[in-house]
Amino acid sequence: MASTPKSVAAFLEGKRFAVAGVSRDPKQTANAVFRKLRDSGFEVVPVNPSAAELEGVPCYPDLKSIPGQIDGVMVVTSRSVAADIVRQCADKGVKRVWFHRSFGDGSVSREAVKECKARGIEAIVGGCPLMYCEPVDGGHACIRWVLRLLGKVPG
């Protein structure tokens, strides 16, 4: 992980993460992010207001419903709800948020990024853990390389 940007390394120093946007459809991006973090040894909690269990674990409708501390939140939702998730992070005391994005806007909204700045939350805008948590598959390594060239991911 020598080429891992400082913001990503700081995020991944956490032990317990929430992934907002995990779906009943296991093929969705949020589910892949959830599984990658879990398989990398992190404790991961799914967040979806419409499910009680996802990926074989209890799911929570919002961040305030999750018991205990959360070290970081992955936002892998529609960008229209990203700012609300940031406000939930502030209320929960979460200091790091990572907005998923590959090509296009992804989960990134200007309002959400502004909310992070206003509330003292460190935001990673773009990319995802599949580009940084070892082992990184060839496809995500290529995507990371291209997105770095385009200035769409950290580092």
Side-chain angles (χ1 to χ4, degrees), residues 1-23 26-48 54-60 62-77 79 81-83 85-109 112-113 115-117 119-155:
M1 289 183 38
S3 65
T4 301
K6 288 182 182 181
S7 60
V8 171
F11 186 94
L12 295 175
E13 286 176 358
K15 303 290 183 233
R16 188 169 191 241
F17 300 111
V19 178
V22 178
S23 171
K27 296 178 184 172
Q28 293 300 310
T29 300
N31 296 58
V33 170
F34 175 91
R35 289 190 299 271
K36 183 65 170 184
L37 287 169
R38 181 193 62 202
D39 295 348
S40 295
F42 299 104
E43 182 181 350
V44 192
V45 180
V47 178
N48 181 320
L54 291 170
E55 296 285 336
V57 298
C59 181
Y60 296 90
D62 51 42
L63 295 177
K64 70 181 176 188
S65 300
I66 300 171
Q69 177 182 328
I70 297 294
D71 298 317
V73 173
M74 271 300 311
V75 180
V76 196
T77 63
R79 65 188 185 136
V81 298
I85 294 169
V86 170
R87 289 186 282 274
Q88 290 181 42
C89 287
D91 292 344
K92 182 83 173 160
V94 176
K95 296 296 183 191
R96 291 190 170 93
V97 173
W98 192 340
F99 298 99
H100 177 270
R101 176 179 66 196
S102 56
F103 301 99
D105 292 327
S107 300
V108 180
S109 79
V113 174
E115 284 286 334
C116 283
K117 289 179 184 174
R119 296 170 182 269
I121 296 173
E122 183 180 338
I124 299 174
V125 178
C128 78
L130 280 81
M131 297 177 178
Y132 299 98
C133 291
E134 297 294 341
V136 176
D137 63 81
H140 281 92
C142 288
I143 292 170
R144 179 177 67 189
W145 183 81
V146 169
L147 293 177
R148 279 183 172 174
L149 286 176
L150 297 173
K152 299 276 188 177
V153 295

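Reckoned from all heavy atoms, side chains included, excluding hydrogens, waters and symmetry mates. All figures in this text were calculated on a predicted structure; none of them were measured in a lab.
Using cut-offs of 30° and 60° for the angle between ring planes, the Y132 and W98 rings count as tilted.
In this structure, T77 OG1 and Q28 CD are separated by 12.0 Å, a value rounded to the nearest 0.5 Å. The CG atom of L12 sits 7.5 Å away from atom OG1 of T4, with the distance rounded to the nearest 0.5 Å. Rounding to the nearest 0.5 angstrom, the gap separating the CZ atom in R144 from the CG atom in L147 is 10.5 Å. Going from atom SG of C128 over to atom NE2 of H100 covers 4.5 Å, rounded to the nearest 0.5 Å. Note that NZ of K117 is 12.5 Å distant from CD of E122, once rounded to the nearest 0.5 Å. Within the model, atoms CD of E13 and CZ of R96 stand 6.5 Å from one another, a figure rounded to the nearest 0.5 Å.
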I'd like to know whether V108 forms a side chain to side chain contact (heavy atoms under 4.5 Å, CB included) with V113, so could you lay out the CA-CA distance, the side-chain angles of the two residues, the decisive distance to 0.1 Å, and finally the verdict. CA-CA 7 Å; V108 180; V113 174; 4.2 Å; yes
Using side chain to side chain contact (heavy atoms under 4.5 Å, CB included), reason through L63 and V47 one step at a time and then give a plain yes or no. CA-CA 7 Å; L63 295 177; V47 178; 3.9 Å; yes
Output, in order, the C-alpha distance, side-chain angles, deciding distance and verdict of side chain to side chain contact (heavy atoms under 4.5 Å, CB included) for F34 and V57. CA-CA 11 Å; F34 175 91; V57 298; 3.8 Å; yes
For side chain to side chain contact (heavy atoms under 4.5 Å, CB included), just list the numbers for V44 and E55, CA-CA rounded to whole Å, side-chain angles, deciding distance to a tenth of an Å, and then say yes or no. CA-CA 10 Å; V44 192; E55 296 285 336; over 6 Å; no
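Using a 4.5 Å heavy-atom cutoff, the side chains of V86 and F99 are in contact. Looking at heavy atoms from C-beta onward, P129 lies out of side-chain contact with F42 at the 4.5 angstrom threshold. The shortest distance between side-chain heavy atoms of E115 and S109 does not fall below 4.5 Å. Side-chain contact check for V8 versus M131: every heavy-atom pair is 4.5 Å or farther apart. A 4.5 Å side-chain heavy-atom check between P26 and R35 finds at least one atom pair inside the cut-off.
Checked by atom type and distance alone, the side chain of S65 never pairs as donor or acceptor with a backbone atom of Y60 at under 3.5 Å. Distance alone, capped at 3.5 Å, is enough to place a donor-acceptor pair between the K92 side chain and the G68 backbone.
With I70 as the fixed residue, the side-chain contact (heavy atoms from CB on, under 4.5 Å) test singles out one of R16, E43, K15, Q88: R16.
I124 and F11 make their closest contact through CD1-CB, 3.8 Å (heavy atoms, listed as atom of the first residue, atom of the second, distance). Across every non-hydrogen atom of V22 and L54, the tightest pair is O-CD1, 3.3 Å. Heavy-atom minimum distance, A141 versus V136: N-CG1, 3.6 Å. Counting all heavy atoms, side chain and backbone alike, S40 lies closest to C133 at OG-CB, 3.5 Å.
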